[in-house]
Amino acid sequence: MTLRAVKGMNDILPDEIGRWQALEAVLRRTFELAGYREIRTPVVEPIELFVRSIGEATEIVEKQMFVLKREDESLALRPEGTAGVARAYVASTLYAREPVSRLYYLGPMFRAERPQRGRYRQFWQAGVEIYGDPGPGCDAELIDLLVRMLSELGVQNLRVLVNSLGGAETRARYRDALGAFLRPKAAELSEHARRRLDDNPLRILDSKNPQDQAAVAGAPSILELLTPEDRAHFEGVTQALTALGTPFEVSPGLVRGLDYYTRTLFEIQTSGAEIGSQNALLGGGRYDAMVKELGGPDVPAIGFALGLERVLLALPQTEPAANARCFVAPLGERARVEALVIARELRGAGIPAEADTRGGSLKSLLRRADGLGARLCLVLGDDEIGRGIVMLKDLAARAQIEVPRAELVARARELLASAPPAGGPAA
RNA sequence: GUGGAUGUAGCUCAGUUGGCAGAGCACUGGACUGUGGCUCCGGUUGUCGCGGGUUCGAGUCCCGUCAUUCACCCCA
């Protein structure tokens with residue numbers, strides 16, 4: 001019985017890691033250019049934190065948490081990032097040090113759902129949180145930043161959905177109104193939706209079931225029930241987005257399964273089939289009540305989270321770039337040790353270098369160099385050692401020159417700095 | 001959590017009414033005693049997911065199980 005990775009948790013192998021690192025670099029650069037600083041919080045938190053922030057009756061808290069019991073502690077692997085960051089913000093009294101905190105995070109999250117394309121039990125999220133700015137300007141700025149980032153990454157078919165849930169008062173009123181509208185139509189709803197009528201009728205709005213969609217048509221919109229303050233905020237967001245030239249759709253049916261959201265709610269989807277039956281690349285919104293709920297002062301907040309796996313699936317596949325590596329191919333016993341010395345010298349000069357230690361014919365060594373995607377191959381045997389030279393091959397150019405041993409590093413550096421010939425090396 | 005599909009070499013997949021386990025790619029050796037990507041010739045690679053059943057005989061049929069995947073659900 002071979003050991004496997006835990007269901008829904010995947011190894012990221014070296015062949016794929018380049019795409020991950022490239023995406024992570026874009027995320028960090030985007031956030032840092034916009035004034036966000038990284039925060040790293042624990043992967044494990046007290047269950048109580050998620051119950052209080054995400055909501056006791058949510059799917060995530062009820063069914064999807066990986067729970068750890070240790071002595072008298074009840075812990076959980078974090079199912080999302082916002083709660084932990086908010087906890088850290090309160091616990092370290094960041095609010096007392098600066099009026100506005102702009103934070104970002106990047107790391108693995110855990111939810112025990114049935115795995116599927118674009119949905120895993122361990123998955124990576126990157127997100128930001130802004131504390132202390134009541135908006136709506138920062139709401140719009142954040143959405144605009146994300147739309148531009150995804151476009152620049154090359155994600156096609158973006159849809160930007162924006163909605164407002166208003167404050168607690170609006171939300172309660174809307175629940176009642178929606179319940180009153182749907183209850184007479186209970187017979188037309190799917191069984192699943194019917195069960196939600198009492199505990200969370202808003203979720204029926206984004207059901208994919210055609211039956212539910214039909215029943216929901218003509219339902220009152222939450223946007224009609226916003227208080228004047230909520231309405232002014234939402235208009236501020238949409239006006240700023242328009243002024244920024246960010247395309248968006250007002251989507252009164254947009255709802256999220258986390259209880260903490262207030263006012264602005266947004267989601268960026270791709271309509272392509274790349275991410276399977278999931279369609280959200282990122283989602284977020286305002287959660288003005290959470291900091292206080294967690295024992296901090298009354299500080300408003302907004303944030304979002306992006307699924308790295310989903311963005312990678314939605315991204316165009318790129319050819320791996322030919323690398324600037326050197327392969328050192330020794331022929332014979334004497335050359336073997338010398339190859340190690342040469343590789344060390346090259347690395348000392350900042351040139352990625354690998355010396356062969358397995359031996360074999362020159363033909364197989366050259367194949368090995370090709371297989372690594374190396375740009376240069378250094379060949380040395382008894383002949384070269386006797387003459388104090390090394391054979392320096394430019395694999396891409398299919399050319400070779402004899403180079404005095406002492407000039408090797410300098411000549412290799414020159415070749416690597418020059419562009420590979422047209423036609424390029426084989427991938 | 002519910003329903004469907006699929007599990008055969010490192011990868012992609014064939015495998016007929018049940019009758020010797022296959023191909024391409026990859027890897028490797030040679031043609032070319034020390035010159036790579038193309039070509040040609042050869043070679044290595046298997047718990048047919050796992051367990052049971054039917055049968056003279058099971059990759060093939062039946063039952064169970066696990067995994068993957070698709071849809072629902074959920075969400076990033």
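Note that this is a predicted model, so its numbers are computed, not measured. Here is how names work: the chains are called A, B, and so on, in the same order as the sequence lines, proteins then strands, and each is numbered from 1.
Put simply, CG on A:L205 is 12 Å from P on B:C74, counting in whole angstrom units. As a whole-Å value, the separation of A:L362 CG from B:G29 C1' is 15 Å. Rounded to whole angstrom, the span from the CD1 atom of A:I54 across to the P atom of B:C74 amounts to 16 Å. Note: CG (A:D394) to P (B:G36) measures 16 Å, nearest angstrom. Across the protein-nucleic acid pair, A:L376 atom CG and B:U35 atom C1' stand 16 Å apart, rounded to whole Å. Residue A:M65 contributes atom CE, which lies 15 Å from atom C1' of B:C74 at whole-angstrom precision. Rounded to whole Å, the distance from CG on A:D356 to C1' on B:U35 is 15 Å. Note: CZ (A:F123) to P (B:C74) measures 16 Å, nearest angstrom.
Look at A:R29 and A:E152 and you find no salt bridge, because none of the NZ, NE, NH1 or NH2 atoms lies under 4.0 Å from a carboxylate O. The existence of a salt bridge linking A:R405 and A:E345 is confirmed by a sub-4.0 Å separation between a basic side-chain nitrogen and an acidic carboxylate oxygen.
In this structure, the side chain of A:R78 engages the main chain of A:P108 through a donor-acceptor pair within 3.5 Å. Without hydrogens or angle criteria, A:R203 side chain to A:R256 main chain gives a donor-acceptor distance under 3.5 Å. Of the possible donor and acceptor atoms, one in the side chain of A:R347 sits under 3.5 Å from a partner among the backbone N and O of A:A353. Using modelled atom types, no side-chain atom of A:E45 and backbone atom of A:A76 make a donor-acceptor pair closer than 3.5 Å. In terms of modelled atom types and a separation under 3.5 Å, the side chain of A:E16 and the main chain of A:L13 share a donor-acceptor contact. A:D394 contributes no side-chain N or O that, together with a main-chain N or O of A:A399, makes up a donor-acceptor pair within less than 3.5 Å.
Atom CG of residue A:N163 and atom CZ of residue A:R263 lie 13.5 Å apart, to the nearest 0.5 angstrom. The OG1 atom of A:T262 sits 8.5 Å away from atom CG of A:D230, with the distance rounded to the nearest 0.5 Å.
A:L365 comes within contact range of no nucleotide atom at all, as no heavy-atom separation falls under 4.0 Å. Nucleic acid contact class of A:F327 (heavy atoms, under 4.0 Å, all strands): none. Residue contacts for A:E267: at a heavy-atom cut-off of 4.0 Å it reaches no nucleic acid atom on any strand shown. Nucleic acid contact for A:V311: none, since no nucleic acid atom lies under 4.0 Å from a heavy atom of the residue. Base engagement by A:G118 is indicated by at least one non-hydrogen atom pair under 4.0 Å involving a base atom. Within the nucleic acid shown, A:A305 comes within 4.0 Å of sugar-phosphate atoms alone, with no base atom in reach, counting heavy atoms only. Among the heavy atoms of the strands, none lies under 4.0 Å from A:M109. In this structure, A:R203 reaches the sugar-phosphate backbone alone: every heavy-atom distance under 4.0 Å involves primed, P, OP1 or OP2 atoms, never a base. A:E62 comes within 4.0 angstrom of no nucleic acid atom, judged by non-hydrogen atoms across all strands.
Side chains of A:P330 and A:E338 form no contact here, defined as non-hydrogen atoms less than 4.5 Å apart.
Aromatic pair A:Y104/A:F31: ring centres closer than 6.0 Å.
Taking a pair to require two hydrogen-bonding distances under 3.5 Å in either a Watson-Crick or a G-U wobble arrangement, B:C48 remains unpaired. Pair assignment for B:U6: B:A67, on the basis of Watson-Crick or G-U wobble contacts that are both within less than 3.5 Å. For B:C72, the paired nucleotide is B:G1, the pair qualifying as Watson-Crick or G-U wobble because both relevant distances are below 3.5 Å. Here B:G22 sits opposite B:C13 as a Watson-Crick or G-U wobble pair (both hydrogen-bonding atom distances under 3.5 Å). For B:C38, there is no paired base (Watson-Crick or G-U wobble, both distances below 3.5 Å). Pair assignment for B:C32 gives none, since no Watson-Crick or G-U wobble pairing has each distance under 3.5 Å. Pairing for B:G43 is with B:C27, a Watson-Crick or G-U wobble pair whose two hydrogen-bonding atom distances lie under 3.5 Å.
Distance check on atom P: B:U60 versus B:U55 gives 16 Å, rounded to whole Å. Only the P atoms considered, B:U8 is 15 Å distant from B:G46, to the nearest whole Å. Separation of the P atoms belonging to B:A26 and B:U39 is 9 Å when rounded to the nearest angstrom. Between B:U54 and B:C62, the distance separating the two P atoms is 15 Å to the nearest Å. Annotation: B:C25 and B:C63 have their P atoms spaced 39 Å apart (nearest Å). Remark: the separation of the P atoms in B:C13 and B:G49 is 15 Å, to the nearest Å. Comparing the same atom, C1', in B:C40 and in B:C32 gives a spacing of 13 Å after rounding to whole Å. Here the separation of B:U6 from B:A14, taken at their P atoms, is 11 Å to the nearest Å.
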Between protein and nucleotides 39-43 of chain B, what N or O pairs are separated by less than 3.5 Å?
none

Where do N or O atoms of nucleotides 1-3 of chain B meet protein N or O atoms at under 3.5 Å, pair by pair?
{"from": "B:U2", "atom 1": "O4", "to": "A:R114", "atom 2": "NH1", "distance (Å)": "2.9"}
{"from": "B:G3", "atom 1": "O6", "to": "A:R114", "atom 2": "NH2", "distance (Å)": "2.9"}

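The side chain of A:R358 approaches B:U28 more closely than any other nucleotide in the set B:U28, B:C74, B:U35. Distances from the side chain of A:S361 to the nucleotides B:A67, B:A76, B:G30 place B:G30 closest. Here the side chain of A:E59 is nearest to one of B:C70, B:C73, B:A67, namely B:C73. Set against B:U35, B:U69, B:C75, the side chain of A:N279 has B:C75 as its closest nucleotide.
Toward the 5′ end of RNA chain B lies the nearest nucleotide of A:K393, the other residue of the pair A:R256 and A:K393 mapping further downstream. Nearest-nucleotide assignment on RNA chain B puts the 5′-proximal partner with A:D383, out of A:D383 and A:A5.
Between the side chain of A:R310 and the base of B:C75, a donor-acceptor pair under 3.5 Å is found.
Contact detail for A:R375 and A:A396: the closest heavy-atom pair is NE-CB, 3.8 Å.
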